[in-house]
Every structure is written in C-alpha cells, then in structure tokens.
Amino acid sequence: MKVVKITWVDAESQNEWSEVKDLEDPSLCTTIGFLIKETEGFYYIAATISLDGEAVHTNNRILIPKVWIKEFTEIKDAKKKAPKRIEPS
C-alpha cells in the first residue's frame, strides 16, 4: 500500500453576504496518508489503517478529486503486512 503526499486546492463554501472585491482564492491543502483506492477521477486516502489477515480496515478517510491536485508524491510503498501486536502488561 502506497503512502502519498498530495497538495490540492480545496473547495470553499460561504453562506454570508460579501462584496466580490473581498473574495479570496481557495486554500491550498496538503494531505499525507495511505492510498487505499484510485479511480479515474479520484484518490481515496486514509490516515489510519488496520491490517487483519486479508482484511484492510481504514479510518479518517478523504476523497480528493484528481482535477484539484497540484502535486502528487509517492513517499513509500508500504508492505501489506500486519504490524506486530503488542500485548498490554
């Protein structure tokens, strides 16, 4: 499973009246995580994974449209191996 760093432009929503001259550009965001799925239009990233045999459980996921991406870097190709279980003492 690949660990990636993605820099992307975030969508923004505002629900208040403001003058057009006061509008700002959207934020530039950076996400680092496990690339758990890729489709033609999207990257699915998870911050936390748990490997249990063949099952992969994920938490804290984000779906980023590829058209929003400014930079994509593969940090590491992690082996699909469960970490050593530490028993509480």
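- The shortest distance between side-chain heavy atoms of Tyr43 and Phe72 falls below 4.5 Å.
- When each of Ile69, Val67, Leu28, Ile64 is tested with Val9 by the rule side chain to side chain contact (heavy atoms under 4.5 Å, CB included), just one qualifies, namely Leu28.
- How far SG of Cys29 is from CG of Asp10: 4.0 Å, rounded to the nearest 0.5 Å.
- Salt bridge status for Lys66 with Glu38: present, with a side-chain N to carboxylate O gap under 4.0 Å.
- Heavy atoms only, all atoms of each residue included: Pro65 and Phe42 are closest at CA-CD2, 3.6 Å.
- Inter-residue side-chain proximity for His57 and Ile49 is flagged as unmet; no heavy-atom pair is nearer than 4.5 Å.
- Contact between Ala46 and Asn59 at its shortest, heavy atoms only, is CB-O, 4.0 Å.
- A side chain to side chain contact (heavy atoms under 4.5 Å, CB included) with Tyr44 is found for one member of Leu63, Ile62, Thr58, Leu35 and no other, namely Leu63.
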- Task: Take Thr31 and Lys5 through the side chain to side chain contact (heavy atoms under 4.5 Å, CB included) test and state the conclusion after the steps.
- Result: CA-CA 6 Å; Thr31 298; Lys5 176 183 173 187; over 6 Å; no

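- Using a 4.5 Å cut-off on side-chain heavy atoms (C-beta onward), Ile6 and Thr30 make no contact.
- The distance from the CZ atom of Phe34 to the CG atom of Asn60 is 12.0 Å, given to the nearest 0.5 Å.
- Residues Leu23 and Ser18 share a closest heavy-atom pair of CD2-OG, 3.6 Å.
- Put simply, the side chain of Ile75 does not reach to within 4.5 Å of the side chain of Val4, judged on heavy atoms.
- Distance CD1/Ile45 to NZ/Lys2: 11.0 Å, rounded to 0.5 Å.
- Annotation: Glu24, atom CD; neighbour count of heavy atoms from other residues, nucleotides and ligands within 6.0 Å does not exceed 12.
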